[in-house]
Amino acid sequence: MATVKFEGATRIYPGNDHPSVDKLDIDIADGEFLVVVGPSGCGKSTALRMLAGLEEVNEGRIWIGDRDVTNLSPKDRDVAMVFQNYALYPHMSVADNMGFALKIAGVEKSEIRKRVEEAAKILDLEPYLERKPKALSGGQRQRVAMGRAIVRSPQVFLMDEPLSNLDAKLRVQTRTQIASLQRRLGVTTVYVTHDQVEAMTMGDRIALLKDGLLQQVASPREMYDRPANVFVAGFIGSPAMNLITVPVTEDGVKFGSHKVEVERGVLSRAGSHVIVGVRPEDVQVRTEDDGLEIEVDVVEELGADAYVYGRPVAKEITLEGSEEGGERPFIARVDGRNVPEKGQHIYVFPNAEHLHVFHQETGERLA
Amino acid sequence: MALEITAARPDPALLDLPWSTPLEEWPEDLLAAFPRGISRHIVRFVKISGRVVAIKEIKTDIARREYEMLRNLRRLGLPAVEPWAVVAGRVTPAGDPIDGCLITRHLQFSLPYRALYSQSLRRGTASRLIDALAVLLVRLHLAGFWWGDVSLSNTLFRRDAGAFAAYLVDAETGELREQLSDGQREHDLDIARVNIAGELMDLEAGGLLQEDRDPVEVSERIMTRYRELWQELTGTEIVDTGERWRVDERVRRLNDLGFDVGELEMTTDIGGTSIQIHPKVVDAGHNSRRLLRLTGLDVRENQARRLLNDLDAYRSYFGRQADDEESVAFDWLREIYEPLTRTVPPELPRKIEPAEFFHELLEHRWYLSERHQRDFSLEEVKADYLTHVLPTKPDEKDVLGVDTVEMPVIASED
């Protein structure tokens, strides 16, 4: 078991001006499950590979426990990349499938047996150790593959998009399995994904990267409730948070015709405008003129709730698209028994207790 | 969603395939061979317009990525299977989406390692397969390809004058980089080692491994062979100023290994007593390019070397060292190579390629001469070979379906 520490770790690919990973600082606790998430090209896989020893660290240091591993070869780091393409061998028993890599590493037979049995216990595979993989169900086979990584008993597990080639249903199933297994094993784990839902449901904490820069590292709850900037606000949560630039008044912000009070201290740090963020579930919807006027485009019925997708009637107001720009719809969650019609005009304003305010230029959180 | 087929040279016959049916349920009469094993993805072999293609069902974005990657590898002149098309936008009649498909052309006369093991094998086959894989891995690494899933299963082998030439089949996990770090190369090597050991142990457990050598020991060979080759191809060497012939020798050694040298960096030390040489290898195929230039024959590296040796022997036998190389090659082709490989029984083209046949004749001549203690003409050798050896050979032109026998690591209901 071990802690992991990135200390100003930087990776610049030859021929690139910008670092792919820029002065990354993260402290990962012993036994923690950290999910590194971000859009493609954000540097998340590079960061993981720096920890694995597969990418050079140009500046800064990486520690595993109290060992500086910055310049160690992958083999000497005592980490295991859990590989998505593990094959199972049909003629070999489940026990041999789990333990054969230890044989290559020269581990004693009795020790191999011991570790395989321990892993089988954790994975609920004990009764099947002498069977062939063919006799197992799909889920059991998958656990055998995981067993291959577990028997190595590394200090840190590294997983790079391990679910990316599974279909949606299997992804959900396997996600739960990995998360609960990690908790049972208590081995420090760094897990990379582009999927914020995966990040939210699996990690003890999430580290969100964009353009090689760490945006925020926090628990899923903290990330959701107190996003550090506009990018985090737009990335975490599904459907995404609504982000709109609005004018600042003396004691609050104007959301269409509705005034929302904001602390003066907060406003003093802003300019004439701020970006306001409001999650779909924190939107108040009115049919009379109170708030921002929205024309409804689509209504997604979910039974108890419904999501309303629309766009501001005033053309000059557009929503911040934090990922790839373009026009984003305004999204509101409404009571499923009281749903507006397509084409209808509604008025929306944020719930004052759940208002997110960001600086218009820097995008940093003000409140 | 509409069916969307992306292909460099699309064939309308592709449209006739039952894309709205999951690959697993395709009718057997469509299939060129029914796979005996189970692979991680569903793979089927189908005959379209007279040629065999492999169809792999896989998520569309991964299929597209692999298609592009295989194209890039081939553009770089690396031995990989030829990607043919990506099929996206598949839906069942009920409207449910199905995964996309990557279609690659079947590599004729290629053999999956498991098919090789199901034949009676010459001793040392495992080692020769691993040697071929080591060459492939070195070539891929020199070009900046980080494979990520090196194994015997993800490789196809073609006979190459008694040895094997290896081809990459699965590029799903691969990435192309400007250059690979030592850590990245070691990672591939480590994966290769574990996978090879696993694959051989599995054959052993299935009673298919005829050699009684320890799989772990055999798997070690990928490390040593790879490292030796990498060192020879990229290593810096220091020679004494008085031994300048060794510069030339290094180039020749690389040529013998089948690699061409693009540049040779030479630096002398301050006192001028030693030279440091560092070759920049362009690519493999030195001999096959030379043979192609001389004769127009397009064959594999070891076959080319074998043919070139015979060409050299022909040249000195007839005392034509002073003649122009091209004209000697032209005569050798007309008088020796073509008569032997052109007039062959009809079953031969299914069993063996011409260049490999020629190599086998040369081998057989040596064997006959040794046994009877006299010289044999190639015509005599051919007659004997066709009577005694050829009938024992399996058809190898289209060996399909026994490529991967790994289990899919895919969860269904428990």
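By convention in this document, chain letters (A, B, ...) are assigned in the order of the sequence lines, proteins followed by strands, and residues within each chain are numbered from 1.
In this structure, the side chains of A:Lys103 and B:Met201 come closer than 4.5 Å at one or more pairs of heavy atoms.
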Can B:His187 and A:Met81 be said to form a side chain to side chain contact (heavy atoms under 4.5 Å, CB included), step by step?
-> CA-CA 10 Å; B:His187 185 65; A:Met81 277 284 244; 4.3 Å; yes
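With a 4.5 angstrom heavy-atom cutoff, A:Arg148 touches chain B only via side-chain atoms. For B:Asp61, no part sits under 4.5 Å from any heavy atom of chain A, backbone or side chain. In this structure, the portion of A:Pro74 lying under 4.5 Å from any heavy atom of chain B is its side chain and not its backbone.
Taking B:Ala197, B:Ala205, B:Gly198, B:Gly183 one by one and counting their heavy-atom pairs under 4.5 Å with chain A, the maximum is reached by B:Gly198. Chain A forms more heavy-atom pairs under 4.5 Å with one residue of B:Glu186, B:Gln184, B:Glu220 than with any other, namely B:Gln184.
Environment of CZ in A:Arg175: crowded, with over 12 heavy atoms of neighbouring residues, nucleotides or ligands closer than 6.0 Å. In the displayed structure, A:Glu118 atom CD is contacted under 6.0 Å by more than 12 heavy atoms of other residues, nucleotides or ligands. The 12-atom threshold is exceeded at NZ of B:Lys59, counting heavy atoms of other residues, nucleotides or ligands nearer than 6.0 Å. Shown here is A:His18, whose NE2 atom has no more than 12 heavy atoms of other residues, nucleotides or ligands within 6.0 Å.
Minimum heavy-atom separation, A:Phe100 to B:Val194: CE1-O, 3.3 Å. The heavy-atom pair separating A:Met92 from B:Asp202 by the smallest distance is N-OD1, 3.3 Å. Across A:Ile104 and B:Val216, no two heavy atoms sit closer than the pair CA-CG1, 4.1 Å.
For B:Arg177 and A:Glu56, the salt-bridge test fails: no basic side-chain N is under 4.0 Å from an acidic carboxylate O.
The structure places OH of A:Tyr89 at 4.5 Å from CG of B:Asn195, a figure rounded to the nearest 0.5 Å. Here the straight-line distance linking atom CD of B:Glu175 with atom OG of A:Ser45 works out to 7.5 Å at 0.5 Å rounding. Going from atom CG of B:Asp190 over to atom NZ of A:Lys75 covers 4.5 Å, rounded to the nearest 0.5 Å.
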